[in-house]
Undergrad: 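Below is one structure. I have some questions about it.
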Amino acid sequence: MISFDAAHAAVHYPSDRRFRIWVRPSFLMTAIALALLPLLAAWIEFLVFGLPHIPAVPQIYPNNFAGPHGFPLWVRYCHFFNFVFVTMLIRSGLSILVDHPRLYFNNNCTPGSEWIRLTPIKVPTDRIWTAKDDARYISPVVATPGYRHTVGIARSWHFLNVYGFILTGFFFVIMLFDTEQWHRLVPQSPLVLLQAWNTWVHYATFHLPPEFNGFYGYNALQQIAYFSVVFVFGPLAILTGIAMSPAAVNRFPWYAKLFGGRQSARSIHFLTMLGFLAFIVVHVTLIVMTGFARNMNHIVMGTDDLTRRGMILGFVGIGVVLLSWVAAHYVSWFYPRSLQHAQKFITYPLLLTTLNRLPPSEHYSEDDISPRFWPNGKMPEREDWKQLAKSGFRGFRLKVGGLVDHPVELSLADIESLGKTEHITMHHCIQGWTGIAKWGGLPMKSLVELVRPKPNAKAVAFFSFGGSLYGGAYYDTQSLENVLQAECLLASEMNGKPLPEVYGAPLRLRVENQLGYKMVKWIERIEFIESEKSIGLGEGGKNEDDEYFDLLPNI
Ligand SMILES: Nc1nc2c(c(=O)[nH]1)N[C@H]1C(S)=C(S)[C@@H](COP(=O)(O)O)O[C@H]1N2
Ligand SMILES: [Mo]
């Protein structure tokens with residue numbers, strides 16, 4: 001095992017590991033009613049009219065049947081890899097979820113407005129309660145990598161697997177329509193709906209309908225279920241995933257609105273996951289109940305017989321997947337840096353050509369401003385900051401230097417005299433919450449013009465008075481290009497008032513195409529540098545160094 005120091009141990013093995021699910025009663029009642037309604041209707045139909053008629057399935061002989069015969073190799077491979085990717089997506093997604101264990105249908109994330117909470121804790125109002133304080137422990141048995149505050153690693157797994165999931169999905173759908181296999185999945189007559197209902201009445205009243213041999217076709221309900229998983233759940237998961245990207249949402253707010261907003265997209269992403277889970281449970285149960293050995297031969301071997309080969313090989317396949325979960329834990333704990341870099345290797349080129357090119361634009365009004373904005377990060381404990389805070393930062397001088405022709409030291413008044421702009425934007429924390437606020441301050445562009453970076457200055461480092469989770473000052477870096485374009489502010493005001501201490505006084509960064517951890521609070525000095533590699537551990541920031549956060553913060 002790895003041995004941790006006290007600070008790491010407190011994060012990874014917190015003493016409070018309670019887990020509780022609370023669902024808003026009105027939401028719970030609605031969900032139960034929606035689930036019970038079709039059940040009730042099925043029973044009424046059964047008790048009053050008897051079981052509805054489902055046409056008998058004709059005996060199929062391989063040579064008297066026109067549709068697709070069995071499952072070609074590509075179907076079986078797609079099925080297996082999809083199982084690998086979806087389960088890893090669920091496992092890593094759960095880890096990400098508990099880093100902010102509340103789901104909302106509003107963009108403000110005001111405590112108490114959530115519809116579901118996976119924590120026993122009510123947000124205290126008598127003291128500062130940061131989003132980090134609110135993150136919960138989750139067991140590595142159900143989540144990858146599990147434990148607490150490993151959202152960076154969980155995201156690496158989530159994104160690495162999402163590429164696999166999307167590629168498998170594309171390949172599957174293309175092949176589906178390139179062959180006659182699509183006949184299986186796509187309902188081709190409205191009568192299918194009626195038949196699906198009749199099938200449901202059978203299942204709901206504990207009757208097994210006459211079973212089609214799955215080798216040649218599916219019953220109507222099965223067809224609709226499979227169709228929904230491939231053509232509804234899959235795309236919905238992908239589209240709501242994109243709707244959580246700060247770069248995408250702050251460039252195209254309408255896109256998040258398609259799903260009812262940024263947090264509603266997160267909720268739908270979660271509900272889609274529940275849909276996948278429910279499907280998996282029912283799917284597996286029915287495979288076991290309706291001729292396990294034969295079904296496993298269909299799925300694994302592509303044959304239609306009663307041998308045990310499919311079953312045995314199927315269990316081997318499931319074993320391999322379980323082992324891959326264990327291996328993922330091993331990599332997460334012993335090679336997190338390689339994992340972080342692997343993700344960067346794949347994601348970086350994609351991001352540079354897509355999300356990183358989206359300049360943020362403003363689409364919010366004063367009315368949208370969140371009544372309460374989650375605070376995050378560790379307040380500075382340094383004496384000099386505390387003294388400065390007492391005097392309203394009158395003695396504060398921002399040092400701007402490094403690879404510049406004209407290094408400066410600026411008071412808050414100097415900074416104000418250089419210019420000020422305001423914008424109302426949505427803040428996205430990597431943990432999952434958002435908030436809308438109005439920020440005012442000096443555009444970084446003006447500061448850059450003042451200090452005149454040398455030609456070899458390609459990045460800008462922001463150092464904080466505040467510390468970090470495991471010790472050392474908090475810092476982060478930006479490419480020079482991004483501070484010039486991404487509505488980047490050296491903010492000294494929040495919602496029209498001087499920046500409150502908790503939110504980063506005297507100065508904090510705003511970069512609207514990125515995640516919150518890039519926006520250093522309590523800024524002490526700024527340095528222009530050649531590359532982020534020369535500072536800290538060289539990963540681009542304190543969270544990237546210590547918590548393996550994404551090296552690319554646009555998603
Ligand atoms: N100095 C410092 N700056 C920081 C952090 C921190 O821990 N220390 N946390 C970051 C994170 S993770 C987020 S989400 C935002 C939170 O800003 P807020 O407190 O205004 O919500 O600050 C960022 N800036
Ligand atoms: Mo954050």
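Every number for a ligand or one of its atoms is a count from 1 in the order of the listing. Not measured: the values here are computed from a predicted model.
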Undergrad: Just go through Lys518, Arg508, Lys521, Glu524 and tell me whose heavy atom is the nearest to atom 20 (O) of ligand 1.
TA: Arg508
Undergrad: State whether Phe463 and Arg525 meet the cation-pi test: NZ (Lys) or CZ (Arg) under 6.0 Å from the six-membered ring centroid, and within 45° of the perpendicular axis.
TA: yes
Undergrad: For Glu544 and Arg337, run salt bridge (Lys or Arg N to Asp or Glu O under 4.0 Å): C-alpha distance rounded to whole Å, both residues' side-chain angles, the deciding distance at 0.1 Å, then the answer.
TA: CA-CA 10 Å; Glu544 294 91 320; Arg337 191 68 75 200; over 6 Å; no
Undergrad: Measure from the side-chain N and O atoms of Tyr255 to the backbone N and O of Leu239, and report whether any donor-acceptor pair falls under 3.5 Å.
TA: yes
Undergrad: Of the side chain and backbone of Trp433, name the one, both, or neither that has a heavy atom under 4.0 Å from an atom of ligand 1.
TA: side chain
Undergrad: May I ask you to identify the nearest protein heavy atom to atom 16 (C) of ligand 1, giving residue, atom name and distance to one decimal place in Å?
TA: Asn376 CB, 3.6 Å
Undergrad: Measure the distances from the heavy atoms of His427 to every atom of ligand 1 and state whether one is below 4.0 angstrom.
TA: yes
Undergrad: Are Arg91 and Trp157 in a cation-pi contact, defined as NZ or CZ under 6.0 Å from the six-membered ring centre and within 45° of the axis?
TA: no
Undergrad: Can you list the atoms of ligand 1 that are under 4.0 Å from a heavy atom of Met519?
TA: 4 (C), 22 (O), 23 (C), 24 (N)
Undergrad: Which ligand 1 atoms does Tyr517 reach within 4.0 Å, using its non-hydrogen atoms?
TA: 10 (C), 11 (C), 12 (S)
Undergrad: Using distance alone, decide if ligand 1 has a nitrogen or oxygen within less than 3.5 Å of any nitrogen or oxygen in Phe373.
TA: no
Undergrad: Any nitrogen or oxygen of Trp374 lying under 3.5 Å from a nitrogen or oxygen in ligand 1? Just yes or no.
TA: yes
Undergrad: Using a 4.0 Å heavy-atom threshold (strictly under), name the region of Phe465 that reaches ligand 1: side chain, backbone, both or neither.
TA: neither
Undergrad: Do Asn376 and Trp374 have side chains that approach each other closer than 4.5 Å (heavy atoms only, starting at C-beta)?
TA: no
Undergrad: Looking only at distances, please establish whether an N/O atom of ligand 1 is found under 3.5 Å from an N/O atom of Trp439.
TA: no
Undergrad: Any atoms of ligand 1 less than 4.0 Å from a non-hydrogen atom of Pro375? List them with their elements.
TA: 19 (O), 21 (O)
Undergrad: Going by the closest heavy atom to atom 9 (N) of ligand 1, which one wins out of Phe462, Trp522, Tyr474?
TA: Tyr474
Undergrad: Would you mind checking which non-hydrogen protein atom is closest to atom 1 (N) of ligand 1, with the distance to 0.1 Å?
TA: Ser464 OG, 2.9 Å
Undergrad: If you measure every N/O of Tyr503 against every N/O of ligand 1, is any gap under 3.5 Å?
TA: no
Undergrad: Measure from the side-chain N and O atoms of His329 to the backbone N and O of Pro140, and report whether any donor-acceptor pair falls under 3.5 Å.
TA: yes
Undergrad: So, is the end of the Arg382 side chain (NZ or CZ) under 6.0 Å from the ring centre of Phe465 and within 45° of the ring's axis?
TA: no
Undergrad: Which one of Gly516, Gly377, Ala131, Gly435 has a non-hydrogen atom at the shortest distance from atom 23 (C) of ligand 1?
TA: Gly516
Undergrad: Are any of the side-chain nitrogens in Glu487 or Arg251 under 4.0 Å away from the carboxylate oxygens of its partner?
TA: no
Undergrad: If the cut-off is 4.0 Å to any non-hydrogen atom of Lys378, which atoms of ligand 1 fall inside it?
TA: 7 (O)
Undergrad: Would you please indicate if the ring centroids of His12 and Trp333 are separated by under 6.0 Å?
TA: yes
Undergrad: Which of the atoms of ligand 1 are close to Cys429, meaning less than 4.0 Å from one of its heavy atoms?
TA: 14 (S)
Undergrad: Do NZ/NE/NH1/NH2 and the carboxylate oxygens of Glu527 and Lys399 come within less than 4.0 Å?
TA: no
Undergrad: Salt bridge or not between Arg102 and Glu114? Use side-chain N to carboxylate O under 4.0 Å.
TA: yes
